[in-house]
Amino acid sequence: MEIIFRGGALEVGRSCIEIKTDKSKILLDCGVKLGKEIEYPILDDSIRDVDKVFVSHAHLDHSGALPLLFHKKVDIPVITTELSKKLIKILLKDMVKIAEMENRNIAYSNHDVKEVMRRTIPLNYHEKKYYKDFSYELFSAGHIPGSASILLEYSNKTVLYTGDIKLRDTRLTKGADLSYIKDDIDVLIIESTYGNSIHPDRKAVEKAFIEKIKEVLFRGGIALIPVFAVDRAQEILLILNDYKIDAPIYLDGMAVEVTKLMLNYKEMLNESSQLENALKNVSLIGNSDDRAKAIENLSKNGGIVVTTAGMLDGGPILYYLKLFMHDPKNALLLTGYQVRDSNGRHLIETGKLFIGDMEVKPNLEVCMYNFSCHAGMDELHEIIKKVNPELLIIQHGEEIQATILRNWALEHGFNAVTPKLGDKIEV
């Protein structure tokens with residue numbers, strides 16, 4: 001067996017791993033890395049004989065390069081959960097739309113997105129299937145609704161790919177299903193986004209977040225909350241609803257469609273009835289007229305805007321920032337991981353951000369809150385100990401995070417590696 005790292009090695013973004021045997025070849029995820037430019041996995045001519053692609057979840061860093069396969073005439077089945085399939089469709093279509101609006105180069109078209117959907121086959125959790133020389137089965141990963149860890153059983157090796165994973169419950173999702181630990185797992189491929197840090201107490205983060213919003217509203221300001229459309233938007237809505245914030249709340253961007261879709265899959269949500277209530281208590285922005293009215297009201301009365309994109313690399317958040325970033329009464333409350341080279345990371349590191357081609361220094365308050373739906377370092381340690389693999393492969397993390405997790409694993413007697421982009425591992 002050969003494992004090849006086409007993306008996501010010592011980086012967060014463009015996750016894509018190939019597993020090749022004498023009889024089969026598959027890909028685990030096929031994502032992009034978003035920043036000033038879109039970065040794709042290494043998808044050379046050797047991928048033409050791939051049999052299947054397994055997608056752990058909908059986020060673009062795991063699904064965003066799927067259409068590139070079809071653009072290259074690699075017509076293969078895509079396996080994921082039903083909810084992930086529908087979320088992937090929304091995210092991919094939006095990615096093409098934004099690229100066209102912003103005149104950004106993108107390596108595929110809406111036709112390729114349609115081809116992805118045509119070939120995507122939904123699979124339920126615990127629905128074991130067989131193909132050539134292996135079986136495959138999905139387990140809830142607890143990361144976002146519909147996310148999955150992927151268990152592959154070959155004749156002589158068992159491989160578990162966690163995808164992005166979260167052990168602890170959040171308001172939106174139940175923690176990961178680790179029932180696969182009853183089996184002997186030879187190879188564990190694990191993420192390491194937070195391989196060097198333990199998340200702060202979530203209730204404490206929520207309270208600090210809410211207090212800051214109250215402070216901004218009290219001084220007559222506007223709280224701009226950029227979110228990932230899938231997961232973070234819904235988590236923030238649930239928090240605002242629970243703390244009964246008495247102010248107009250506007251939900252804009254792709255998060256509107258995604259939230260409505262998730263409510264069709266209540267069995268995958270932790271607090272589905274609360275999310276229904278939360279959605280009733282916000283103003284939904286569906287078109288430019290809605291946005292114009294919201295901006296007029298915000299300018300007069302202040303309020304809260306929850307909108308995409310979470311790393312400030314596009315979406316309506318840039319529109320709101322352009323209007324409101326020069327008033328120090330206002331605040332930008334970042335709620336998610338800011339990938340290296342993203343606009344959000346640039347803002348944190350330099351105090352400046354890009355709006356179009358212009359680099360500007362905003363005058364509003366900027367705060368950061370950790371509402372991560374990834375496992376913290378302690379959760380990653382727990383997963384590794386419970387799985388107890390013969391070989392531990394650490395990926396989906398920047399070099400310092402991945403290295404610290406590897407060093408811990410080596411100290412605890414695990415055979416652990418942190419492959420680089422393009423590396424091949426023989427198992």
Side-chain angles (χ1 to χ4, degrees), residues 1-9 15-31 41-44 46-57 62 66 69 74-81 84 119-141 147-165 176-192 383-396 409 414-419 422-427:
M1 177 187 292
E2 192 172 56
I3 303 176
I4 304 166
F5 295 84
R6 296 183 171 274
S15 288
C16 189
I17 299 169
E18 177 185 327
I19 298 182
K20 179 182 177 183
T21 69
D22 292 339
K23 296 180 180 178
S24 64
K25 182 191 285 191
I26 64 167
L27 294 180
L28 299 171
D29 285 334
C30 194
I42 302 167
L43 298 176
D44 52 29
S46 66
I47 62 162
R48 295 201 172 277
D49 58 347
V50 166
D51 295 300
K52 291 180 187 290
V53 185
F54 294 89
V55 180
S56 63
H57 66 285
H62 295 258
L66 288 170
L69 293 173
V74 182
D75 188 3
I76 51 175
V78 179
I79 311 297
T80 193
T81 64
S84 288
R119 293 291 274 140
T120 300
I121 302 168
L123 186 66
N124 296 323
Y125 296 134
H126 301 290
E127 186 180 349
K128 193 170 186 176
K129 297 281 187 179
Y130 296 84
Y131 181 80
K132 289 190 175 178
D133 60 339
F134 68 94
S135 67
Y136 53 91
E137 190 174 358
L138 304 183
F139 296 79
S140 174
S147 63
S149 296
I150 301 160
L151 181 67
L152 305 166
E153 295 183 2
Y154 293 84
S155 58
N156 60 346
K157 293 292 176 187
T158 302
V159 179
L160 178 72
Y161 174 59
T162 64
D164 291 355
I165 193 166
D177 172 11
L178 301 188
S179 59
Y180 45 71
I181 61 174
K182 66 183 182 295
D183 300 316
D184 290 331
I185 292 170
D186 300 295
V187 181
L188 173 61
I189 305 173
I190 195 169
E191 68 138 313
S192 56
I383 294 166
I384 293 166
K385 286 177 178 178
K386 286 182 174 178
V387 173
N388 192 28
E390 289 182 11
L391 173 63
L392 175 64
I393 299 174
I394 298 167
Q395 47 86 62
H396 195 291
F414 294 99
N415 178 18
V417 295
T418 49
D423 278 359
K424 300 178 181 180
I425 295 176
E426 294 283 349
V427 179

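One-based numbering along the sequence shown.
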Pairwise side-chain contact, Ile79 with Ile150, heavy-atom cut-off 4.5 Å (strictly under)
no
With heavy-atom distances below 4.5 Å as the criterion, would you say the side chains of Val50 and Lys25 are in contact?
yes
Thinking salt bridges, do Lys129 and Glu127 make one under a 4.0 Å N-O criterion?
yes
Just so I know, are the side chains of Val159 and Val427 near enough to count as touching, which here means a heavy-atom distance under 4.5 Å?
no
Out of Leu151, Asp177, Leu138, which one pairs with His126 under the side chain to side chain contact (heavy atoms under 4.5 Å, CB included) rule?
Asp177
I'd like to check Thr158 versus Tyr180 (side-chain heavy atoms, cut-off strictly below 4.5 Å). Are they in contact?
no
Which heavy atom in Pro419 sits nearest to a heavy atom in Ala9, and how many Å separate them?
O-CB, 3.2 Å
Below 3.5 Å, can you tabulate the donor-acceptor pairs from side chains in residues 386-394 to any protein atom, sequence neighbours excluded?
{"unit_1": "Lys386", "atom_1": "NZ", "unit_2": "Glu382", "atom_2": "OE2", "d": "3.0"}

Can you tell if the side chain of Val55 reaches within under 4.5 Å of the side chain of Ser84, non-hydrogen atoms only?
no
Do the rings of Tyr131 and Phe134 sit parallel, tilted or perpendicular, given the 30° and 60° boundaries?
perpendicular
Taking the side chain as everything from C-beta on, heavy atoms only, tell me whether Ser179 gets closer than 4.5 Å to Tyr125.
no
Taking side chain as C-beta onward, heavy atoms only, is Cys30 less than 4.5 Å from Val78?
no
Is a donor from one side chain sitting under 3.5 angstrom from an acceptor on the other, for Asp51 and Ser24?
no
Specify the closest pair of heavy atoms between Ile42 and Arg6, including all atoms of both residues, with the distance to one decimal.
O-NH1, 2.6 Å
So, do Lys23 and Tyr154 sit near enough that their side-chain heavy atoms are less than 4.5 Å apart?
no
